[in-house]
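Read through the structure below, which is laid out as C-alpha cells, and then see the notes.
Here, residue 1 is the first one in the sequence, and each next residue gets the next number. When a ligand or atom number is given, it counts from 1 through the structure's own listing order.
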Amino acid sequence: MQYRVSPATCLRGSLRLPGDKSISHRYAIIASVAEGISRLDHYSTGADCQSTLGAVEALGAKVERNGTSVSIHGSGLDGLRQPAAMLDAGNSGSTIRMLSGILAGQSFESSIGGDESLSRRPMDRIMKPLAAMGATIEATDGRFPPLTIRGGKLNPIRYEPPMASAQVKTCVLFAGLLAEGTTSVVEKVQTRDHTEVALREFGAEINIESGVISIQGRPRLKARDLEVPGDLSSAAFFLAAATMLPGSELTLEGVGLSPSRTALLDWLAANGARIRMTNVEQRAGELTGNLTVTGAGFQGGVIAGPLTAALIDEIPVLAVLGAASRNGLTVRNASELRVKETDRIATIAENFTRMGVAIDVAGDGFSVPGLQKFRAATLDSFGDHRIAMACAVAALASDGESIIDNAEAASVSFPEFYDTLRQVRQS
Ligand code: S3P
C-alpha cells in the first residue's frame with residue numbers, strides 16, 4: 001500500500017495509544033502456561049502480538065478475542081500440546097525468540113518460522129543458551145528460521161548474553177520456568193524488564209541482584225487479569241513529531257513508563273524537548289501515566305553505549321528529529337540496528353537520501369547534521385514498521401506531499417497509526 005502524507009504545521013489533541021507490544025507478548029505467553037483463564041485488556045492490536053496469540057492457540061491454549069480484550073485459557077506448565085503444523089511468528093522476532101524458550105522445555109518436537117524478513121534474522125543468540133540447557137535446535141544455515149526444536153527436560157544455566165537483548169533474556173528465563181532449579185541471566189547492560197515484572201505478577205519467584213536475574217524453575221503460575229499499558233515506543237513517533245513542529249500540544253494517555261524504557265523521555269528532555277508527565281500510577285508492577293508534549297527547539301545530541309540499547313527501537317524516528325534539530329544527532333554502537341526487521345541504518349539512510357537529508361553512515365552508527373530541510377519524496381518502509389512510521393514523521397516536516405511505499409508495514413506494531421496521525425495533525 002502507498003500512503004500519502006502532506007506537511008503539517010503542528011499536532012494537537014489527546015490520544016490513547018494501543019497496548020504495549022513487548023508487554024502483550026509476555027502476558028500472552030505466560031498466560032498460556034499459567035493455570036486458569038487470564039484476561040488481558042488493551043492487548044496490542046499489532047500483527048506481531050496477534051502472531052503470538054495464534055502460536056499459543058496452535059499450542060493448545062484456548063484464546064478468546066473481544067476487541068482489544070483477550071482471554072487465554074492456560075493449563076499450567078505442562079499443558080501445551082504438539083502443534084499440528086509449523087508455528088507462524090510472522091514478522092515477529094519477539095514471538096520466535098521468546099516462545100522458543102517455552103518450546104525448548106516441551107516433551108514434543110515443534111517448528112516455528114515466519115516471513116521473509118524474519119527468516120533473515122539471527123537466532124543463534126537463543127540457540128546457544130537453549131542448547132546449553134539441553135534442547136536440540138535445527139535452523140537454516142545453523143542460525144536462521146525456521147527452527148525445529150526438540151525439547152525435553154532442561155538443565156538450569158547461568159547465562160551472560162553477548163549482546164544487550166531483552167528477547168534473549170526472556171527466552172532463557174522462559175526456558176528456566178521449565179527447568180528444575182535456578183536459571184540466571186547476567187546482564188551487563190540492563191534491558192527492558194517486562195519479563196521479570198510479568199513473571200512475578202503471575203507468581204514466579206524472581207530474584208534480581210547486581211544485574212543477575214534468577215528464576216526458580218517449575219513454579220505454579222496463576223492466571224491474572226491485567227491491563228496492558230499504552231506503547232511508549234509507539235508514543236515516540238508522536239513525541240518526536242510534536243517536539244519538531246512548533247505550536248504542537250499533544251497529550252498521550254495511559255502510556256507505559258517502565259523505568260527500563262524511559263531513557264527515551266530523559267534523553268529527549270535533556271536535549272530540549274518539553275514533556276510533562278502526569279497521573280503516574282503503578283498497576284501490576286508497571287508504571288503508566290499521561291505525557292503532554294509541546295513543540296520545542298530540539299538541540300539534538302549523541303546516543304552511544306548503553307543508551308543505544310535503551311533507545312534501540314526509537315532510533316529511526318530520533319534520526320528524523322535529529323536532522324531537524326539545532327546540532328544534529330550522532331548514533332554509535334548500534335550494530336543491533338542492522339539485524340532488526342530491516343537493516344535500519346541502511347533503510348534510514350536510503351530514505352534520508354531520497355529526501356535530500358544528509359547522513360553519514362560509519363559502521364555501526366551514523367551522524368546526521370542538524371537544521372536540515374526535508375524534501376517531499378517517494379519513501380519506502382522496506383517492510384519495516386518503524387521505518388514506515390519514521391518516514392511519515394519526516395514527511396510531516398517536508399515541503400510537499402510525500403508517498404510512503406509499503407506503508408502497511410506499520411500494522412506490525414500500530415495498525416491505527418495513520419488514522420491516529422490524521423486525528424491530531426493540523427495543516
Ligand atoms: C524487545 C526487545 C528488543 C526490541 C524489540 C522488542 C522485547 O529487541 O528491539 O522491539 O520486547 O524484548 P532485542 O532484544 O533484540 O534488542
Side-chain angles (χ1 to χ4, degrees), residues 18-30 43-44 46-49 51-52 89-102 114 117-118 120-129 143 145 159-174 185 187-199 213 228-229 231-237 256 258 260-261 263-264 286 303 305-318 331 333-345 347 364 384-390 409-410 412-414:
D20 186 87
K21 173 163 98 65
S22 292
I23 297 175
S24 295
H25 285 300
R26 287 157 171 86
Y27 283 177
I29 294 173
I30 301 170
Y43 188 84
S44 166
D48 272 13
C49 294
S51 295
T52 289
N91 189 245
S92 174
S94 296
T95 306
I96 191 168
R97 293 192 179 125
M98 295 182 195
L99 206 54
S100 292
I102 299 286
S117 152
L118 192 70
R120 282 185 266 114
R121 297 184 65 188
M123 295 298 140
D124 42 337
R125 55 183 63 197
I126 57 151
M127 292 168 66
K128 269 200 194 122
R143 62 193 287 250
Y159 187 68
E160 184 173 326
M163 70 292 288
S165 167
Q167 292 178 354
V168 174
K169 168 174 67 177
T170 303
C171 172
V172 175
L173 293 176
F174 280 178
V185 177
E187 276 200 316
K188 275 193 295 254
V189 174
Q190 202 210 344
T191 62
R192 62 193 72 193
D193 66 359
H194 304 303
T195 302
E196 299 87 306
V197 170
L199 281 168
I213 303 126
V228 180
D231 195 318
L232 180 60
S233 296
S234 298
F237 296 98
S258 161
S260 64
R261 298 270 292 278
L264 167 69
E286 291 286 355
I303 300 175
L307 189 59
T308 304
L311 302 184
I312 198 77
D313 288 344
E314 287 74 58
I315 288 173
V317 77
L318 295 179
V331 175
N333 317 116
S335 55
E336 282 294 305
L337 273 186
R338 295 213 180 263
V339 289
K340 293 292 179 191
E341 286 81 338
T342 57
D343 172 345
R344 285 185 176 155
I345 296 182
T347 48
D364 66 355
D384 184 329
H385 57 130
R386 298 201 199 279
I387 297 298
M389 294 185 278
V412 156
S413 61
F414 196 170

Any donor-acceptor N or O pair under 3.5 Å, side chains [X], [Y]:
X: Ser24; Y: Ser44; answer: no
X: Ser233; Y: Glu314; answer: yes
X: Ser22; Y: His194; answer: no
X: Thr52; Y: Thr95; answer: yes

Task: Ile312 vs Lys340 side-chain heavy atoms within contact, under 4.5 Å - done: yes
Within ligand 1, which atoms have a heavy atom of [X] less than 4.0 Å away?
X: Met98; answer: 7 (C), 11 (O), 12 (O)
X: Ser165; answer: 13 (P), 14 (O), 15 (O), 16 (O)
X: Ser22; answer: 6 (C), 7 (C), 11 (O)

Open item on the list: For Asp313, state whether at least one heavy atom is located under 4.0 Å from any atom of ligand 1.
Closed with: yes
Between [X] and ligand 1, which residue portion shows a heavy-atom distance shorter than 4.0 Å: side chain, backbone, both, or neither?
X: Arg192; value: side chain
X: Met163; value: neither
X: Lys21; value: side chain

Task: Side-chain (Asp231) to main-chain (Lys21) donor-acceptor, under 3.5 angstrom - done: yes
Task: Ile213 backbone acceptor or donor facing Lys169 side chain under 3.5 Å - done: no
Open item on the list: For atom 2 (C) of ligand 1, which of the options Gln167, Lys169, Arg386 provides the nearest non-hydrogen atom?
Closed with: Gln167
TODO: Between Lys340, Arg26, Glu341, Arg97, flag the one that comes closest to atom 7 (C) of ligand 1 by a heavy atom.
DONE: Arg26
